[in-house]
Number of protein chains: 2
Amino acid sequence: MSAEKIKNMEEFAAKCGVSRPTASKYFNDPNSVRPKTRLRIEAALERYNYRPNIYAINQNRRLTKTIGIVVPYLADPFFAEIARYLETRCIEAGYSPSLFSSHGKPELENDNLDTLRSMKPAGVLFAPLGRSSDREFVAQFCQDVPTVLFDSNIDGVGDVFIGSDNPQFTSLMVQYLCRTGEPPCFFEMKTPPNPNARKRRLGYLDAMQKQGHEPHIFEAQGEGWALEEIGHQEGIRFIDSGEMQTKTVLCSNDRLAIGFLAACYQKGLRVGITEDCDLRVAGLDGHPFSSYTCPSLTTVSHDYEAISERSVETLFTMIENDSSSGSRREKLFEGKLLLRSSA
Amino acid sequence: MSAEKIKNMEEFAAKCGVSRPTASKYFNDPNSVRPKTRLRIEAALERYNYRPNIYAINQNRRLTKTIGIVVPYLADPFFAEIARYLETRCIEAGYSPSLFSSHGKPELENDNLDTLRSMKPAGVLFAPLGRSSDREFVAQFCQDVPTVLFDSNIDGVGDVFIGSDNPQFTSLMVQYLCRTGEPPCFFEMKTPPNPNARKRRLGYLDAMQKQGHEPHIFEAQGEGWALEEIGHQEGIRFIDSGEMQTKTVLCSNDRLAIGFLAACYQKGLRVGITEDCDLRVAGLDGHPFSSYTCPSLTTVSHDYEAISERSVETLFTMIENDSSSGSRREKLFEGKLLLRSSA
DNA sequence: TACAAAACTTTGCGCGCGTAAAAAAAATAT
DNA sequence: ATATTTTTTTTACGCGCGCAAAGTTTTGTA
């Protein structure tokens with residue numbers, strides 16, 4: 001490795017003994033040059049660690065090799081896990097992923113889309129905030145940039161949505177709970193920040209009705225993404241209120257459930273399916289940490305891999321065909337029941 | 001908002017009635033132009049949503065307004081939380097943060113540093129993998145780019161390190177545990193992926209010796225970042241082994257502790273400080289979810305805010321003075337004891 | 001009112017690369 | 001060996017903006 005610094009592609013091409021356009025061609029696609037010249041270039045690449053200036057490259061390309069990944073809240077392990085998978089897949093496919101979190105704020109979401117737009121990305125994988133998203137703004141973005149919406153749907157916006165069948169989640173869990181014991185009440189936030197809450201509530205109401213049971217919903221107060229905290233605080237209030245008319249609680253998501261389990265523990269309620277327990281508690285999501293709660297949480301898990309995989313694949317074909325498909329496509333994956341010891 | 005598309009700063013400046021260099025000056029610092037012209041420009045900015053081409057900007061600046069943030073594993077809530085804070089502070093200061101996770105892999109860490117280097121960032125906030133980091137590579141990077149190392153120190157590398165006083169963490173906890181009951185044994189991984197584990201072990205040994213107690217260490221098998229899983233599996237093995245000669249267990253970090261708590265629960269061991277409990281369990285880190293374990297986890301918390309704040313502030317002054325300070329500086333923050341119900 | 005200082009405009013070069021067209025060279029086919 | 005195809009080189013322009021120098025206008029001060 002020579003210490004000599006190489007300023008630009010001109011100099012580098014000279015070291016290789018090729019012309020600059022040929023070097024340029026190589027960097028765009030190593031296979032597009034003759035094997036012999038390719039070797040010459042790669043030999044030089046070993047000696048001098050030259051790398052083309054990304055800004056100069058991207059300025060002149062209509063589209064870059066960047067893929068934007070936007071999630072509503074990266075400190076939520078659910079999204080952290082998905083982001084990890086998406087990033088890996090993009091790199092494998094030769095793109096450079098660029099990760100953004102909206103930190104739960106619609107303004108930041110718009111900002112993220114703005115900076116992404118100016119990055120001329122080849123495509124974007126976008127999990128919107130949901131109800132609090134700026135609908136118009138997002139719709140415009142999806143028109144301008146090849147975008148795959150995932151996790152949270154915004155009706156009629158964008159060409160593709162890939163996510164989970166949330167009503168199926170609740171219905172699956174309600175069925176299981178009813179078959180094995182008392183029908184569940186539903187523990188959810190009154191104003192949830194996460195997008196799929198509404199569909200889960202509807203799924204609960206629907207499933208209960210179909211089973212011929214009367215639904216009970218407890219609405220937890222509180223705002224923001226501190227779901228465990230809210231589940232805990234409001235769980236205690238729920239328990240103390242005496243409104244709990246059933247010994248089975250279905251939480252709208254796993255993070256709420258984790259907080260609720262803490263509330264139960266604190267209140268001396270034993271949670272589980274065995275005879276000596278006071279309460280059954282179930283969650284929804286398949287949160288990465290849900291197997292390590294005490295007791296381990298029975299839940300319905302997203303098919304993380306399928307969602308990530310399909311999102312990425314769909315985006316890649318969108319990029320290749322670069323045509324907006326005309327009709328809007330949605331793909332919903334079913335959840336898998338994870339039977340553990342809490343319910 | 002006019003629908004008319006503006007191609008470049010030339011056109012935009014014309015719409016404002018100012019010259020292009022003046023517009024350019026405005027975008028670099030809105031206060032550097034006369035208030036009257038500033039209003040003219042901002043009025044135009046309302047009508048046409050023009051934004052300067054970031055690639056053209058960055059190509060011509062020696063340094064960009066980008067700040068790189070690199071963490072070893074973003075799916076760990078600890079780093080997710082810190083990253084969230086760092087991002088926010090960078091944005092407030094007028095920089096554009098760019099987030100990278102090394103996903104636990106040294107090759108990826110190097111790749112991240114490579115792409116960062118080619119981004120000509122104003123500065124980088126870097127939490128390295130630690131022992132598995134490529135020492136030479138990282139050192140070279142820190143020489144080329146203004147970098148603040150945080151969380152995990154690499155001796156002699158870089159100009160600044162900001163983190164926690166890990167031996168103090170363990171010593172603080174050991175002292176507390178000894179004062180209130182049996183001296184603790186230490187539950188850790190044999191080959192930990194997280195960087196500060198070694199210092200914690202030494203802190204444990206040292207503190208036990210000072211207290212006049214004999215140390216006991218249980219080494220959990222397993223590789224990688226699935227710490228809860230390892231804590232769970234190996235926790236069960238630990239319990240079954242009969243090697244546990246004390247009723248107090250100090251875990252090397254909170255994620256291990258979460259897994260260990262699950263193991264205790266599964267094994268029917270009651271964890272807590274009250275008379276009727278079999279075991280006391282403590283963790284280290286102040287993990288975001290550690291208050292929602294059952295029982296809630298007694299731990300020593302990083303001063304997240306202080307670390308993030310100091311890291312960012314330090315980087316900003318490094319950027320402004322753009323001189324390498326010559327001598328290496330380290331700042332270690334003490335941990336705060338969080339007394340909860342597990343120990 | 002004059003005068004210096006500050007802010008602005010004009011002009012013009014340069015950044016590092018994409019890319020197109022035409023000419024030259026090399027590889028392959030006849 | 002010649003003709004044909006493929007690859008490479010040459011030449012040249014453009015991208016959108018930073019930046020510096022010199023000239024012009026505006027602003028604040030004496």
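Atoms considered below: every heavy atom in the structure, side chains included; atoms not considered: hydrogens, waters and symmetry mates. Just so we're on the same page: letters track the sequence lines, and every chain starts at 1.
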A correct 5'-to-3' footprint of nucleotides 11-16 of chain D, with B, S and - meaning base, sugar-phosphate only and no protein heavy atom under 4.0 Å, is BB-BBB

Taken to the nearest whole Å, CG/B:Asn58 to C1'/C:dC17 is 15 Å

The ring-ring contact (aromatic ring centres under 6.0 Å, His included) partners of B:Phe78 (sequence neighbours excluded) come to B:His302, B:Tyr304

B:Lys120 atom NZ is separated from C:dG16 atom P, nearest whole Å, by 8 Å

Provide a list of protein-nucleic acid N or O atom pairs under 3.5 angstrom, restricted to nucleotides 5-8 of chain C.
residue	atom	partner	partner atom	Å
C:dA7	O3'	B:Arg34	N	3.3
C:dA7	O3'	B:Arg34	NE	3.1
C:dC8	OP1	B:Arg34	N	2.3
C:dC8	OP1	B:Thr37	OG1	2.4
C:dC8	OP2	B:Ser32	O	3.4
C:dC8	OP2	B:Arg34	N	3.2

**Prompt:** Reckon B:Asn28 touches a base, only the sugar-phosphate, or nothing at all at heavy-atom distances under 4.0 Å?
**Reply:** sugar-phosphate

Value for CG (A:Leu116) from CZ (A:Phe141), rounded to nearest 0.5 Å, stands at 5.0 Å

Rounded to whole Å, CD1 of A:Ile57 lies from P of C:dC15 at a distance of 17 Å

So the ring-ring contact (aromatic ring centres under 6.0 Å, His included) pairs with at least one residue in residues 84-118 of chain A (sequence neighbours excluded) are A:Tyr95-A:Phe316

Residues pairing under salt bridge (charged side-chain N to carboxylate O under 4.0 Å, His left out) where one sits in residues 133-157 of chain A, two or more places apart or in two chains, turn out to be A:Arg117-A:Asp144

Atom OH of B:Tyr26 and atom C1' of D:dC17 are separated, to the nearest Å, by 17 Å

message: Whether B:Arg310 and B:Glu313 form a salt bridge (side-chain N of Lys/Arg under 4.0 Å from carboxylate O of Asp/Glu) is what I want to check.
response: no

Residues passing the ring-ring contact (aromatic ring centres under 6.0 Å, His included) test with A:Phe161, sequence neighbours excluded, are none

Distance col, row B:Glu309:CD vs B:Ile162:CD1, nearest 0.5 angstrom, shows 10.5 Å

Shortest non-hydrogen pair, A:Val157 vs A:Ala139, comes out as CG1-CA, 3.6 Å

To the nearest angstrom, the NZ-P distance between A:Lys65 and C:dG18 comes to 13 Å

Taken to the nearest whole Å, CD/A:Glu10 to C1'/C:dG14 is 14 Å

